[in-house]
Protein chains: 2
Amino acid sequence: MPGDEYPRPLVTVDVVIFTLHEEALQVLLVRRKNPPYAGMWAIPGGFIEIDEPLETTALRELEEETGVCDVHLEQLYTFGDPGRDRRGRVITVAYLALLPADRAAIRPGDDAAEARWWPMNALPPLAFDHDRILACARERLRSKLEYPATLAALLPEPFTLNQLRATYETILGEKLERIRFRRLMIAARVLREVGIEHRTVRGRPAKLYRFREDAEAKARRILL
Amino acid sequence: MPGDEYPRPLVTVDVVIFTLHEEALQVLLVRRKNPPYAGMWAIPGGFIEIDEPLETTALRELEEETGVCDVHLEQLYTFGDPGRDRRGRVITVAYLALLPADRAAIRPGDDAAEARWWPMNALPPLAFDHDRILACARERLRSKLEYPATLAALLPEPFTLNQLRATYETILGEKLERIRFRRLMIAARVLREVGIEHRTVRGRPAKLYRFREDAEAKARRILL
DNA sequence: ACAAAAGTGTTGAGAGTACACCCATGC
DNA sequence: GCATGGGTGTACTCTCAACACTTTTGT
(Lines give C-alpha, C1' and ligand atoms only; values in the text may rest on other atoms or scores of the structure.)
Protein backbone atom coordinates (compact mmCIF):
# COMPACT_ATOMS: atom_id res chain seq x y z
CA MET A 1 0.00 0.00 0.00
CA PRO A 2 1.25 3.47 -0.93
CA GLY A 3 1.51 4.89 2.59
CA ASP A 4 3.84 2.21 3.91
CA GLU A 5 6.99 4.20 3.41
CA TYR A 6 5.80 6.96 5.72
CA PRO A 7 6.18 7.04 9.51
CA ARG A 8 2.99 6.34 11.40
CA PRO A 9 2.55 8.22 14.65
CA LEU A 10 0.13 7.32 17.38
CA VAL A 11 -2.98 9.47 17.54
CA THR A 12 -5.04 10.15 20.62
CA VAL A 13 -8.17 12.19 21.19
CA ASP A 14 -8.45 14.08 24.48
CA VAL A 15 -11.44 15.89 25.93
CA VAL A 16 -11.36 18.98 28.11
CA ILE A 17 -14.70 19.07 29.88
CA PHE A 18 -15.71 22.02 32.02
CA THR A 19 -18.44 22.59 34.53
CA LEU A 20 -19.28 25.28 37.07
CA HIS A 21 -19.43 24.35 40.73
CA GLU A 22 -19.19 26.41 43.86
CA GLU A 23 -18.38 29.66 42.08
CA ALA A 24 -15.47 28.09 40.25
CA LEU A 25 -14.68 26.74 36.83
CA GLN A 26 -13.91 23.04 37.16
CA VAL A 27 -12.30 20.57 34.79
CA LEU A 28 -12.68 16.82 34.81
CA LEU A 29 -9.37 14.95 35.14
CA VAL A 30 -8.46 11.29 35.49
CA ARG A 31 -5.60 9.76 37.41
CA ARG A 32 -3.41 7.75 35.06
CA LYS A 33 -2.95 4.05 35.83
CA ASN A 34 -0.24 3.32 33.27
CA PRO A 35 3.18 4.71 32.52
CA PRO A 36 4.27 7.22 31.55
CA TYR A 37 3.07 9.60 34.23
CA ALA A 38 1.34 6.79 36.17
CA GLY A 39 -0.42 8.28 39.18
CA MET A 40 -0.53 11.75 37.71
CA TRP A 41 -3.63 13.61 36.60
CA ALA A 42 -4.53 14.05 32.95
CA ILE A 43 -7.33 15.01 30.61
CA PRO A 44 -9.50 12.02 29.72
CA GLY A 45 -8.80 10.56 26.29
CA GLY A 46 -7.24 7.69 24.45
CA PHE A 47 -5.98 6.19 21.25
CA ILE A 48 -8.19 6.10 18.19
CA GLU A 49 -9.53 2.93 16.68
CA ILE A 50 -8.72 2.54 13.03
CA ASP A 51 -12.29 2.91 11.74
CA GLU A 52 -13.60 5.37 14.27
CA PRO A 53 -14.33 9.04 13.62
CA LEU A 54 -12.42 11.35 15.96
CA GLU A 55 -15.52 12.55 17.77
CA THR A 56 -16.63 8.99 18.38
CA THR A 57 -13.30 8.23 20.01
CA ALA A 58 -13.71 11.31 22.16
CA LEU A 59 -17.17 10.32 23.37
CA ARG A 60 -16.17 6.70 23.93
CA GLU A 61 -13.08 7.52 25.97
CA LEU A 62 -14.94 10.13 27.96
CA GLU A 63 -17.64 7.66 28.90
CA GLU A 64 -15.20 4.81 29.59
CA GLU A 65 -13.01 6.88 31.85
CA THR A 66 -15.50 9.15 33.59
CA GLY A 67 -19.03 7.92 32.88
CA VAL A 68 -19.93 11.22 31.26
CA CYS A 69 -21.96 10.81 28.08
CA ASP A 70 -24.23 12.69 25.76
CA VAL A 71 -22.32 15.96 25.52
CA HIS A 72 -21.67 18.27 22.62
CA LEU A 73 -18.06 18.34 21.45
CA GLU A 74 -16.15 21.07 19.71
CA GLN A 75 -12.73 20.50 18.21
CA LEU A 76 -10.19 22.64 20.04
CA TYR A 77 -6.69 22.21 18.62
CA THR A 78 -4.27 19.54 17.54
CA PHE A 79 -1.07 19.15 19.52
CA GLY A 80 1.70 17.33 17.73
CA ASP A 81 5.12 18.48 18.87
CA PRO A 82 7.69 15.69 18.89
CA GLY A 83 8.66 14.94 22.45
CA ARG A 84 5.33 15.78 24.03
CA ASP A 85 4.86 12.09 24.90
CA ARG A 86 7.65 9.77 26.01
CA ARG A 87 6.04 6.83 24.22
CA GLY A 88 7.11 8.27 20.87
CA ARG A 89 5.43 10.54 18.39
CA VAL A 90 1.90 11.03 19.64
CA ILE A 91 -0.44 13.50 18.01
CA THR A 92 -3.42 14.56 20.07
CA VAL A 93 -6.61 16.06 18.75
CA ALA A 94 -8.14 17.94 21.67
CA TYR A 95 -11.87 18.54 22.05
CA LEU A 96 -13.84 20.85 24.31
CA ALA A 97 -17.11 19.96 26.05
CA LEU A 98 -19.36 21.70 28.57
CA LEU A 99 -21.50 20.08 31.23
CA PRO A 100 -24.22 21.79 33.31
CA ALA A 101 -23.69 21.59 37.05
CA ASP A 102 -26.71 19.34 37.59
CA ARG A 103 -25.15 16.61 35.42
CA ALA A 104 -21.68 16.80 36.89
CA ALA A 105 -21.93 13.64 38.99
CA ILE A 106 -19.26 11.28 37.68
CA ARG A 107 -18.49 7.61 37.88
CA PRO A 108 -14.87 6.62 37.34
CA GLY A 109 -14.50 3.90 34.70
CA ASP A 110 -11.98 1.11 34.40
CA ASP A 111 -9.54 2.76 32.02
CA ALA A 112 -8.54 5.23 34.69
CA ALA A 113 -7.97 4.62 38.37
CA GLU A 114 -9.92 7.66 39.44
CA ALA A 115 -11.76 10.67 38.02
CA ARG A 116 -12.70 13.94 39.67
CA TRP A 117 -13.39 17.60 39.08
CA TRP A 118 -10.60 20.06 39.75
CA PRO A 119 -10.98 23.82 40.03
CA MET A 120 -9.06 25.55 37.26
CA ASN A 121 -7.34 27.82 39.74
CA ALA A 122 -5.98 24.96 41.86
CA LEU A 123 -4.89 22.23 39.48
CA PRO A 124 -2.61 19.32 40.37
CA PRO A 125 0.55 18.74 38.30
CA LEU A 126 -0.54 17.41 34.93
CA ALA A 127 0.80 14.68 32.65
CA PHE A 128 2.21 15.41 29.18
CA ASP A 129 1.55 18.93 27.88
CA HIS A 130 -1.94 18.90 29.32
CA ASP A 131 -1.39 22.21 31.07
CA ARG A 132 -0.99 23.75 27.64
CA ILE A 133 -4.15 22.08 26.40
CA LEU A 134 -6.09 23.39 29.38
CA ALA A 135 -4.79 26.92 28.79
CA CYS A 136 -5.98 26.65 25.22
CA ALA A 137 -9.40 25.39 26.32
CA ARG A 138 -9.79 28.20 28.81
CA GLU A 139 -9.13 30.73 26.06
CA ARG A 140 -11.70 29.13 23.83
CA LEU A 141 -14.26 29.13 26.62
CA ARG A 142 -13.66 32.81 27.20
CA SER A 143 -14.19 33.58 23.55
CA LYS A 144 -17.54 31.79 23.69
CA LEU A 145 -18.88 34.44 26.05
CA GLU A 146 -19.52 36.62 23.04
CA TYR A 147 -22.20 34.15 22.04
CA PRO A 148 -24.30 33.74 25.16
CA ALA A 149 -26.35 30.87 23.78
CA THR A 150 -23.31 28.62 23.82
CA LEU A 151 -23.42 28.78 27.62
CA ALA A 152 -26.69 26.87 27.59
CA ALA A 153 -24.55 23.77 27.91
CA LEU A 154 -23.04 25.06 31.14
CA LEU A 155 -26.15 26.27 32.97
CA PRO A 156 -29.07 24.30 34.37
CA GLU A 157 -32.11 25.72 32.61
CA PRO A 158 -34.06 27.76 33.46
CA PHE A 159 -31.80 30.27 35.12
CA THR A 160 -31.95 33.78 36.51
CA LEU A 161 -30.03 36.68 35.08
CA ASN A 162 -27.89 36.76 38.16
CA GLN A 163 -26.94 33.11 37.72
CA LEU A 164 -25.99 33.93 34.16
CA ARG A 165 -23.97 36.88 35.30
CA ALA A 166 -22.22 34.75 37.92
CA THR A 167 -21.30 32.34 35.12
CA TYR A 168 -19.76 35.14 33.13
CA GLU A 169 -17.93 36.45 36.15
CA THR A 170 -16.48 33.04 36.95
CA ILE A 171 -15.24 32.46 33.42
CA LEU A 172 -13.91 35.98 32.99
CA GLY A 173 -12.49 36.14 36.48
CA GLU A 174 -13.84 39.63 37.05
CA LYS A 175 -16.97 41.31 38.35
CA LEU A 176 -19.55 42.68 35.93
CA GLU A 177 -21.93 45.51 36.74
CA ARG A 178 -25.39 44.14 37.53
CA ILE A 179 -27.62 46.54 35.61
CA ARG A 180 -25.32 46.87 32.65
CA PHE A 181 -25.18 43.10 32.28
CA ARG A 182 -28.94 42.76 32.46
CA ARG A 183 -29.58 45.38 29.84
CA LEU A 184 -26.97 44.05 27.42
CA MET A 185 -28.35 40.53 27.68
CA ILE A 186 -31.90 41.71 27.12
CA ALA A 187 -30.76 43.85 24.19
CA ALA A 188 -29.01 40.85 22.65
CA ARG A 189 -32.46 39.16 22.36
CA VAL A 190 -31.12 35.73 23.15
CA LEU A 191 -33.31 35.05 26.17
CA ARG A 192 -36.90 33.92 26.60
CA GLU A 193 -38.77 34.64 29.83
CA VAL A 194 -40.24 31.43 31.21
CA GLY A 195 -41.54 32.27 34.66
CA ILE A 196 -40.51 33.44 38.05
CA GLU A 197 -38.19 32.07 40.68
CA HIS A 198 -39.46 30.57 43.94
CA ARG A 199 -37.73 32.54 46.63
CA THR A 200 -36.45 30.89 49.75
CA VAL A 201 -34.45 33.81 51.07
CA ARG A 202 -35.25 37.45 51.49
CA GLY A 203 -35.68 39.62 48.41
CA ARG A 204 -37.80 39.95 45.34
CA PRO A 205 -37.99 36.72 43.28
CA ALA A 206 -36.12 36.84 39.99
CA LYS A 207 -37.52 36.11 36.56
CA LEU A 208 -36.44 32.84 35.02
CA TYR A 209 -35.08 32.60 31.49
CA ARG A 210 -34.08 30.06 28.89
CA PHE A 211 -32.00 30.69 25.81
CA ARG A 212 -34.03 31.15 22.66
CA GLU A 213 -33.65 28.09 20.44
CA ASP A 214 -32.80 30.25 17.43
CA ALA A 215 -30.43 32.47 19.37
CA GLU A 216 -27.15 32.69 17.54
CA ALA A 217 -26.99 36.40 18.16
CA LYS A 218 -23.85 37.94 19.48
CA ALA A 219 -23.89 40.03 22.62
CA ARG A 220 -21.55 42.87 21.84
CA ARG A 221 -19.71 44.56 24.63
CA ILE A 222 -20.22 41.86 27.24
CA LEU A 223 -16.52 41.34 27.33
CA LEU A 224 -14.75 44.26 28.80
CA MET B 1 6.98 -0.09 23.46
CA PRO B 2 3.63 0.65 25.12
CA GLY B 3 1.87 2.09 22.08
CA ASP B 4 2.43 -0.93 19.88
CA GLU B 5 -0.99 -2.42 20.50
CA TYR B 6 -2.73 0.64 19.07
CA PRO B 7 -3.50 1.29 15.39
CA ARG B 8 -1.23 3.82 13.73
CA PRO B 9 -2.86 6.02 11.13
CA LEU B 10 -1.03 8.08 8.56
CA VAL B 11 -0.88 11.77 9.31
CA THR B 12 -0.55 14.54 6.74
CA VAL B 13 -0.33 18.28 7.05
CA ASP B 14 -2.04 20.37 4.37
CA VAL B 15 -1.84 24.10 3.78
CA VAL B 16 -4.57 26.31 2.39
CA ILE B 17 -2.82 29.41 1.11
CA PHE B 18 -4.80 32.39 -0.13
CA THR B 19 -3.88 35.47 -2.10
CA LEU B 20 -5.80 38.26 -3.82
CA HIS B 21 -5.35 38.71 -7.53
CA GLU B 22 -7.48 40.42 -10.11
CA GLU B 23 -10.31 41.23 -7.76
CA ALA B 24 -10.64 37.62 -6.73
CA LEU B 25 -9.68 35.41 -3.82
CA GLN B 26 -7.26 32.78 -5.10
CA VAL B 27 -6.03 29.55 -3.58
CA LEU B 28 -2.83 27.73 -4.44
CA LEU B 29 -3.40 24.13 -5.60
CA VAL B 30 -1.08 21.43 -6.91
CA ARG B 31 -1.84 18.76 -9.45
CA ARG B 32 -1.31 15.32 -7.96
CA LYS B 33 1.23 13.06 -9.60
CA ASN B 34 0.48 9.90 -7.64
CA PRO B 35 -2.60 7.80 -7.03
CA PRO B 36 -5.11 8.14 -5.61
CA TYR B 37 -6.59 11.06 -7.50
CA ALA B 38 -3.54 11.30 -9.81
CA GLY B 39 -3.97 14.26 -12.13
CA MET B 40 -6.51 15.97 -9.90
CA TRP B 41 -5.96 19.20 -8.02
CA ALA B 42 -5.34 19.29 -4.28
CA ILE B 43 -4.17 21.48 -1.46
CA PRO B 44 -0.37 21.29 -1.04
CA GLY B 45 0.74 19.09 1.85
CA GLY B 46 2.27 15.79 2.73
CA PHE B 47 3.08 13.17 5.32
CA ILE B 48 4.84 14.13 8.52
CA GLU B 49 8.34 13.04 9.37
CA ILE B 50 8.61 11.31 12.70
CA ASP B 51 10.61 14.03 14.46
CA GLU B 52 9.17 17.07 12.77
CA PRO B 53 6.77 19.57 14.36
CA LEU B 54 3.52 19.92 12.42
CA GLU B 55 4.23 23.48 11.33
CA THR B 56 7.62 22.49 10.04
CA THR B 57 6.03 19.82 7.89
CA ALA B 58 3.59 22.39 6.60
CA LEU B 59 6.33 24.86 5.63
CA ARG B 60 8.51 22.17 4.12
CA GLU B 61 5.79 20.67 1.96
CA LEU B 62 4.62 24.10 0.88
CA GLU B 63 8.07 25.04 -0.27
CA GLU B 64 8.79 21.68 -1.90
CA GLU B 65 5.56 21.65 -3.87
CA THR B 66 5.08 25.31 -4.70
CA GLY B 67 8.24 27.22 -3.87
CA VAL B 68 6.36 29.43 -1.41
CA CYS B 69 8.27 30.02 1.81
CA ASP B 70 8.44 32.33 4.78
CA VAL B 71 4.73 32.62 5.53
CA HIS B 72 2.83 32.73 8.78
CA LEU B 73 0.74 29.64 9.48
CA GLU B 74 -2.37 29.26 11.55
CA GLN B 75 -3.80 25.89 12.43
CA LEU B 76 -7.23 25.54 10.87
CA TYR B 77 -8.84 22.21 11.72
CA THR B 78 -8.05 18.51 11.83
CA PHE B 79 -9.91 16.23 9.45
CA GLY B 80 -9.93 12.60 10.44
CA ASP B 81 -13.01 10.81 9.20
CA PRO B 82 -12.35 7.21 8.22
CA GLY B 83 -12.78 6.86 4.48
CA ARG B 84 -11.63 10.36 3.54
CA ASP B 85 -8.54 8.83 1.89
CA ARG B 86 -8.52 5.58 -0.07
CA ARG B 87 -5.00 4.76 1.15
CA GLY B 88 -6.37 3.93 4.58
CA ARG B 89 -6.88 5.95 7.72
CA VAL B 90 -5.27 9.32 7.05
CA ILE B 91 -5.64 12.16 9.49
CA THR B 92 -4.94 15.62 8.11
CA VAL B 93 -4.04 18.66 10.14
CA ALA B 94 -4.94 21.65 7.95
CA TYR B 95 -3.22 25.02 8.20
CA LEU B 96 -4.11 28.43 6.79
CA ALA B 97 -1.64 30.91 5.31
CA LEU B 98 -1.95 34.27 3.55
CA LEU B 99 0.33 35.67 0.88
CA PRO B 100 0.39 39.26 -0.39
CA ALA B 101 -0.19 39.63 -4.12
CA ASP B 102 3.34 40.86 -4.78
CA ARG B 103 4.79 37.56 -3.56
CA ALA B 104 2.36 35.30 -5.36
CA ALA B 105 4.77 34.21 -8.09
CA ILE B 106 5.17 30.45 -7.71
CA ARG B 107 7.59 27.81 -8.88
CA PRO B 108 6.24 24.27 -9.00
CA GLY B 109 8.47 21.81 -7.17
CA ASP B 110 9.21 18.18 -7.81
CA ASP B 111 6.70 16.62 -5.45
CA ALA B 112 3.86 17.88 -7.58
CA ALA B 113 3.58 17.97 -11.34
CA GLU B 114 2.23 21.47 -11.37
CA ALA B 115 1.12 24.28 -9.09
CA ARG B 116 -1.10 27.28 -9.78
CA TRP B 117 -3.51 29.74 -8.27
CA TRP B 118 -7.21 29.09 -8.69
CA PRO B 119 -9.98 31.60 -8.04
CA MET B 120 -12.18 30.41 -5.20
CA ASN B 121 -15.30 30.93 -7.26
CA ALA B 122 -14.11 28.74 -10.14
CA LEU B 123 -12.35 25.77 -8.62
CA PRO B 124 -11.52 22.53 -10.43
CA PRO B 125 -12.73 19.22 -8.97
CA LEU B 126 -10.63 18.52 -5.90
CA ALA B 127 -9.04 15.38 -4.50
CA PHE B 128 -10.03 13.83 -1.16
CA ASP B 129 -12.27 16.04 1.00
CA HIS B 130 -10.32 19.12 0.03
CA ASP B 131 -13.47 20.98 -0.95
CA ARG B 132 -14.52 20.71 2.68
CA ILE B 133 -11.16 21.97 3.87
CA LEU B 134 -11.38 24.96 1.54
CA ALA B 135 -14.87 25.79 2.77
CA CYS B 136 -13.52 25.72 6.30
CA ALA B 137 -10.60 27.97 5.36
CA ARG B 138 -12.87 30.47 3.65
CA GLU B 139 -14.95 30.73 6.81
CA ARG B 140 -11.89 31.32 8.91
CA LEU B 141 -10.67 33.99 6.56
CA ARG B 142 -14.01 35.75 6.77
CA SER B 143 -13.88 35.74 10.53
CA LYS B 144 -10.48 37.40 10.40
CA LEU B 145 -12.01 40.52 8.88
CA GLU B 146 -13.02 41.54 12.36
CA TYR B 147 -9.34 42.02 13.11
CA PRO B 148 -8.08 44.20 10.26
CA ALA B 149 -4.43 43.83 11.20
CA THR B 150 -4.51 40.16 10.25
CA LEU B 151 -4.99 41.24 6.65
CA ALA B 152 -1.51 42.73 6.64
CA ALA B 153 -0.37 39.35 5.35
CA LEU B 154 -2.65 39.66 2.33
CA LEU B 155 -1.93 43.24 1.23
CA PRO B 156 1.24 44.77 -0.18
CA GLU B 157 2.17 47.54 2.24
CA PRO B 158 1.65 50.40 2.12
CA PHE B 159 -1.90 50.44 0.80
CA THR B 160 -4.72 52.90 0.29
CA LEU B 161 -8.01 52.71 2.10
CA ASN B 162 -9.71 51.80 -1.12
CA GLN B 163 -7.38 48.88 -1.65
CA LEU B 164 -8.20 47.75 1.85
CA ARG B 165 -11.88 48.12 1.15
CA ALA B 166 -11.52 46.14 -2.08
CA THR B 167 -9.88 43.39 -0.03
CA TYR B 168 -12.80 43.31 2.33
CA GLU B 169 -15.27 43.31 -0.52
CA THR B 170 -13.55 40.44 -2.25
CA ILE B 171 -13.46 38.28 0.85
CA LEU B 172 -16.98 39.15 1.89
CA GLY B 173 -18.36 38.95 -1.60
CA GLU B 174 -20.36 42.13 -1.17
CA LYS B 175 -19.94 45.86 -1.65
CA LEU B 176 -19.19 48.08 1.32
CA GLU B 177 -20.08 51.76 1.48
CA ARG B 178 -16.97 53.88 0.84
CA ILE B 179 -17.31 56.56 3.50
CA ARG B 180 -18.66 54.27 6.16
CA PHE B 181 -15.74 51.89 5.65
CA ARG B 182 -13.18 54.70 5.84
CA ARG B 183 -14.61 56.10 9.06
CA LEU B 184 -14.87 52.72 10.77
CA MET B 185 -11.29 51.86 9.89
CA ILE B 186 -10.01 55.18 11.14
CA ALA B 187 -12.08 54.82 14.31
CA ALA B 188 -10.60 51.37 14.90
CA ARG B 189 -7.20 53.06 15.23
CA VAL B 190 -5.35 50.23 13.53
CA LEU B 191 -3.81 52.29 10.73
CA ARG B 192 -0.80 54.57 10.51
CA GLU B 193 -0.60 57.18 7.77
CA VAL B 194 2.69 56.86 5.90
CA GLY B 195 2.43 59.18 2.92
CA ILE B 196 0.55 59.79 -0.24
CA GLU B 197 -0.02 57.79 -3.37
CA HIS B 198 1.60 58.64 -6.69
CA ARG B 199 -1.28 59.00 -9.09
CA THR B 200 -1.06 57.69 -12.61
CA VAL B 201 -4.70 58.11 -13.47
CA ARG B 202 -7.12 60.94 -12.98
CA GLY B 203 -8.29 61.83 -9.48
CA ARG B 204 -6.92 63.02 -6.19
CA PRO B 205 -4.06 60.86 -4.88
CA ALA B 206 -5.00 58.70 -1.91
CA LYS B 207 -3.22 58.59 1.41
CA LEU B 208 -1.10 55.52 2.06
CA TYR B 209 -1.35 53.50 5.25
CA ARG B 210 0.32 50.66 7.07
CA PHE B 211 -1.11 48.67 9.93
CA ARG B 212 0.08 49.78 13.34
CA GLU B 213 2.49 47.21 14.73
CA ASP B 214 0.61 47.06 18.03
CA ALA B 215 -2.77 46.92 16.38
CA GLU B 216 -4.74 44.03 17.73
CA ALA B 217 -7.82 46.19 17.98
CA LYS B 218 -11.07 44.89 16.68
CA ALA B 219 -13.05 46.86 14.15
CA ARG B 220 -16.64 46.44 15.20
CA ARG B 221 -19.43 46.62 12.68
CA ILE B 222 -17.30 46.15 9.62
CA LEU B 223 -19.14 42.97 8.86
CA LEU B 224 -22.67 43.66 7.77
C1' DA C 1 -41.81 48.24 58.92
C1' DC C 2 -37.49 47.21 57.20
C1' DA C 3 -33.76 45.00 54.72
C1' DA C 4 -32.54 42.78 50.69
C1' DA C 5 -32.68 41.50 46.13
C1' DA C 6 -34.90 42.31 41.44
C1' DG C 7 -36.21 45.26 38.07
C1' DT C 8 -37.39 50.13 35.62
C1' DG C 9 -37.02 55.24 33.91
C1' DT C 10 -34.34 58.86 32.51
C1' DT C 11 -30.68 61.48 31.03
C1' DG C 12 -26.50 62.50 28.73
C1' DA C 13 -22.28 61.14 26.26
C1' DG C 14 -20.47 58.91 22.41
C1' DA C 15 -20.50 56.10 18.20
C1' DG C 16 -22.32 55.39 13.58
C1' DT C 17 -24.95 56.80 9.31
C1' DA C 18 -26.25 59.61 5.46
C1' DC C 19 -25.93 63.53 3.16
C1' DA C 20 -23.79 67.36 1.09
C1' DC C 21 -19.76 69.29 0.33
C1' DC C 22 -14.60 70.41 -0.58
C1' DC C 23 -9.82 68.96 -2.50
C1' DA C 24 -6.27 67.34 -5.72
C1' DT C 25 -5.12 65.44 -9.74
C1' DG C 26 -5.12 64.07 -15.24
C1' DC C 27 -6.99 65.22 -19.45
C1' DG D 1 -12.43 73.81 -17.00
C1' DC D 2 -14.27 69.57 -15.84
C1' DA D 3 -14.52 64.86 -14.83
C1' DT D 4 -12.90 61.67 -11.46
C1' DG D 5 -11.68 59.71 -7.38
C1' DG D 6 -10.17 61.01 -2.40
C1' DG D 7 -11.35 63.16 1.80
C1' DT D 8 -14.18 66.18 5.36
C1' DG D 9 -18.19 68.64 8.05
C1' DT D 10 -22.44 68.22 10.03
C1' DA D 11 -26.73 66.90 11.76
C1' DC D 12 -29.60 63.25 13.11
C1' DT D 13 -30.12 58.56 15.24
C1' DC D 14 -29.15 54.88 18.11
C1' DT D 15 -26.70 52.62 21.81
C1' DC D 16 -25.21 52.29 26.23
C1' DA D 17 -23.46 53.67 30.98
C1' DA D 18 -24.74 55.83 35.31
C1' DC D 19 -27.76 57.35 38.38
C1' DA D 20 -31.85 57.37 41.08
C1' DC D 21 -35.85 55.08 41.66
C1' DT D 22 -39.82 51.46 42.29
C1' DT D 23 -41.35 46.61 43.17
C1' DT D 24 -41.62 42.28 45.61
C1' DT D 25 -40.38 39.32 48.79
C1' DG D 26 -38.80 37.25 53.96
C1' DT D 27 -38.29 38.41 58.65
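Chain identifiers are assigned alphabetically (A, B, ...) following the order of the sequence lines, protein sequences preceding nucleic acid strands; residue numbering begins at 1 within each chain.
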Take the protein atom [atom1] of [X] and the nucleotide atom [atom2] of [N], then report the distance between them rounded to whole Å.
| X | N | atom1 | atom2 | value |
| --- | --- | --- | --- | --- |
| A:L191 | C:dG7 | CG | P | 11 Å |
| A:E197 | C:dA6 | CD | P | 7 Å |
| B:R178 | D:dG5 | CZ | P | 10 Å |
| A:F181 | D:dA17 | CZ | P | 12 Å |
| B:L176 | C:dG16 | CG | P | 15 Å |
| A:M185 | D:dC16 | CE | P | 12 Å |
| B:R189 | C:dG16 | CZ | P | 12 Å |
| A:Q163 | C:dA5 | CD | P | 15 Å |

With a 4.0 Å cut-off on N to O distance, would you call [X] and [Y] a salt bridge?
| X | Y | value |
| --- | --- | --- |
| B:R192 | B:E213 | yes |
| A:R140 | A:E74 | yes |
| B:E197 | B:R199 | yes |

Separation between CG of B:L123 and CG of B:D131, rounded to the nearest 0.5 Å: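 Atom-to-atom, B:L123:CG and B:D131:CG are 9.0 Å apart.
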CZ-CG distance between B:F18 and B:L20, expressed to the nearest 0.5 angstrom: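 The CG atom of B:L20 is 10.0 Å from CZ of B:F18, to the nearest 0.5 Å.
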Among the nucleotides C:dA18, D:dA20, C:dA6, which one has an atom lying closest to any side-chain atom of A:I179?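 Of C:dA18, D:dA20, C:dA6, D:dA20 is nearest to the side chain of A:I179.
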Out of D:dG6, C:dT25, D:dA18, which nucleotide sits closest to the side chain of A:E177?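 Selected nucleotide: D:dA18.
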Select from A:R202 and B:A206 the residue whose nearest nucleotide in DNA chain D is closer to the 5' end of that strand.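 The residue whose closest nucleotide sits nearer the 5' end is B:A206.
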Would you please confirm or rule out a distance under 4.0 Å between OP1 or OP2 of [N] and any side-chain N or O of [X]?
| X | N | answer |
| --- | --- | --- |
| A:R204 | D:dT22 | no |
| A:R199 | D:dT24 | no |
| B:K207 | D:dT8 | yes |
| A:N162 | C:dA5 | no |

Between A:R183 and B:I196, name the one whose nearest nucleotide on DNA chain C is closer to the 5' end.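 By nearest-heavy-atom nucleotide position, the 5'-most residue is A:R183.
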